[in-house]
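Take a look at the structure set out below.
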Amino acid sequence: MRFLRQRELDPLLLGSPLRNTAVALTISAWLLVSLAAVAVTLLAFLGSLRDDVTDVFIAALALSTVMSSVPWTILWYLDRRERETPWLFVAAFLWGAFMATGLALPVNGALLSNVARWVEHNPFALEILGPEAPMLLGAPLAAPLVEEVTKGLGLLLLFFLLRAEFDNMRDGIVYGALIGLGFTWFEAPLYVAQEYAQYGVAPWGEQLGSRYALFGLGGHAMYTAILGASLGVAVQTRRRWLKVVAPLFGLAAAIGAHAVNNALPLLAAIQGAASGEPPPVSAGPSEIGFVAAWLEASVLELTVFLPFVLLMSLALWRSGAWERRVINEELATEVGVTVSPTEYEQILRDRMFRTRRVDRLRPALSAAIVNAQNELAFRKRRVRDEGHDPERDRLVAAWREEIRLLREFEPQRARRDP
């Protein structure tokens, strides 16, 4: 593995603007300033909580951590053919958890305040929607736009700064879902603590159950995964117009899906007003249990967001098919070089839910060789799509050397073992 640890051949930074010292310093300075602003925002918010509210928040965060392990495991499995650097998984998750939420909080607050002032000057809104009018009107406007942009900013940083690690639509889905999952991980405890502070009752089941619907892959994870998939399309396609249109469509779809979710209470209130019902009044936290809330929210998301669920299901299927096709085509010329005839037969038999392993090797080493072979295939395709010759690419040569070194490692280890 030492070959790929050479700085000039580091696949993580290959072709990255971060190799330019001025760019790296500028981006680092911007990130530090943003991080400081986020830290001040979050610490000020947490510092304003009463001690009992803080205890509830910490307990909810612990529960949220446990529940996020399920979607995290699913995303780790989806990424199995070309395993990303683990710290990138963590970085994407933490961007959603802290940077996206911290950047969104003050902007959301400012927009909601403007909506509240508008409602004060337009009493007909209060007549129709009641005292909840500012939130009912502001939630579909502020949160979708602000939160999808702050989450999407993390995706764009990965896309532009670490392009070598952003190979296809599957990568975009995984990164986007991780950022959205991080947002949910931190946001759900905030809502639990907020309602406890207001009503004295912590809505554990209502907030945690509903926000982890569809095994944690609904809500924010789905919204940001839509944008991630569109960025992956921009990487895969050779059509210049699609490279521009796909990300714009993805952002619009993410904002739209989020807006639809936040508009459901508003639509229900308008329907009630049309039927002669009194304006809605907040009755406080629901006593619904976690399982009931999870089932109810999952069914709702499958119903209301069926087009988006089908879109993401199609994207997952197509991205898996693309990965298998690229591995099949690009490693066909590697038989006898980095792939044995038996291994290539396994490649041809690979299917949607099957994970290929190299025969007669220990699992960890087998996984390392398979991952290096797949990285080689994706790198060859990337170079070919950019109009260059893969045989002259230094990283292609580096992955071949990596595979050779891994194959030499097994006999040496076997001789050392008693």
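We number each residue from 1, following the sequence as shown. Because the structure is predicted, anything quoted here is derived from the model rather than measured.
- A salt bridge does not link D79 to R170: none of the charged side-chain nitrogens sits closer than 4.0 Å to a carboxylate oxygen.
- Looking at W317, its side chain never comes within 3.5 Å of a backbone N or O of M312 through a donor-acceptor pair.
- In terms of heavy atoms, L136 sits closest to P265 at CD2-CB, 3.7 Å.
- Comment: E120 does not engage R117 in a salt bridge, judged by the lack of any side-chain N to carboxylate O separation of less than 4.0 angstrom.
- Although no hydrogens or angles enter the test, the distance criterion places no donor-acceptor pair under 3.5 Å between the side chain of N122 and the main chain of A125.
- Around the CZ atom of F89, the shell of radius 6.0 Å holds more than 12 heavy atoms that belong to other residues, nucleotides or ligands.
- Taking the six-membered ring where tryptophan is involved, the planes of H220 and F183 are tilted, since the angle between them lies from 30° to 60°.
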For this session: Using the side-chain contact (heavy atoms from CB on, under 4.5 Å) rule, take L103 and V107 through it: C-alpha gap first, then chi angles, then the decisive distance, then the call.
Result: CA-CA 7 Å; L103 293 171; V107 182; over 6 Å; no
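- A salt bridge links E334 with R400; the closest basic N to acidic carboxylate O contact falls under 4.0 Å.
- Under the side-chain contact (heavy atoms from CB on, under 4.5 Å) rule, E329 has a single partner from R381, K380, R324, which is R381.
- The closest donor-acceptor contact from the side chain of T65 to the backbone of L61 lies under 3.5 Å.
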Problem set entry | Intermediate values then yes/no, side-chain contact (heavy atoms from CB on, under 4.5 Å), L178 and V174 | CA-CA 6 Å; L178 278 169; V174 170; 4.0 Å; yes
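- With E148 contributing its side chain and I255 its backbone, the two residues share no donor-acceptor pair below 3.5 Å.
- With R83 contributing its side chain and W76 its backbone, the two residues share a donor-acceptor pair below 3.5 Å.
- Summarising the geometry of A234 relative to K243, their closest heavy-atom pair is O-NZ, 2.8 Å, with the distance given to 0.1 Å.
- The backbone N or O of S64 sits less than 3.5 Å from a side-chain atom of Y212, completing a donor-acceptor pair.
- A cation-pi geometry, defined here as NZ or CZ lying under 6.0 Å from the six-membered ring centre and within 45° of its normal, does not hold between R211 and W185.
- Between E343 and R356 there is no salt bridge, since no side-chain nitrogen of the basic residue lies less than 4.0 Å from a carboxylate oxygen of the acidic one.
- Across G102 and L42, no two heavy atoms sit closer than the pair CA-CD2, 4.1 Å.
- Relative to the ring axis of F166, R163 does not place its NZ or CZ within 45° and under 6.0 Å from the centre.
- Of the N and O atoms on the side chains of S210 and W294, not one donor lies less than 3.5 Å from an acceptor on the other residue.
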Problem set entry | side-chain contact (heavy atoms from CB on, under 4.5 Å) assessment of M135 paired with L112 | CA-CA 7 Å; M135 183 58 67; L112 289 174; 4.2 Å; yes
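- In this structure, R382 does not pair ionically with E82, as no charged nitrogen and carboxylate oxygen lie closer than 4.0 Å.
- At distances below 3.5 Å, at least one donor-acceptor pair connects side-chain atoms of S286 with backbone N or O atoms of I288.
- Here L242 contributes atom CG and F249 contributes atom CZ; the two are 11.0 Å apart, rounded to the nearest 0.5 Å.
- Residue R318 qualifies as open at atom CZ: its count of foreign heavy atoms under 6.0 Å is 12 or below.
- Rounding to the nearest 0.5 Å places CD of Q271 at 11.5 Å from CG of L266.
- Between A193 and V56, the closest heavy-atom pair is CA-CG1, 4.3 Å.
- For the pair E375 (side chain) and W399 (backbone), a donor-acceptor distance under 3.5 Å is absent.
- Between D350 and R81, at least one side-chain N (NZ, or NE/NH1/NH2) sits under 4.0 Å from a carboxylate O, which counts as a salt bridge.
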Exercise. Stepwise, does the side-chain contact (heavy atoms from CB on, under 4.5 Å) test hold for F45 with F57?
Worked result: CA-CA 12 Å; F45 173 80; F57 172 76; 5.8 Å; no
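- In the model, Y175 has no side-chain atom that pairs as donor or acceptor with a side-chain atom of T224 under 3.5 Å.
- The 12-atom threshold is exceeded at CZ of R50, counting heavy atoms of other residues, nucleotides or ligands nearer than 6.0 Å.
- S298 places a side-chain N or O within 3.5 Å of a backbone atom of L214 that can act as its donor or acceptor partner.
- Minimum interatomic distance between P134 and V115 (heavy atoms only, all atoms of both residues): O-CG1, 3.6 Å.
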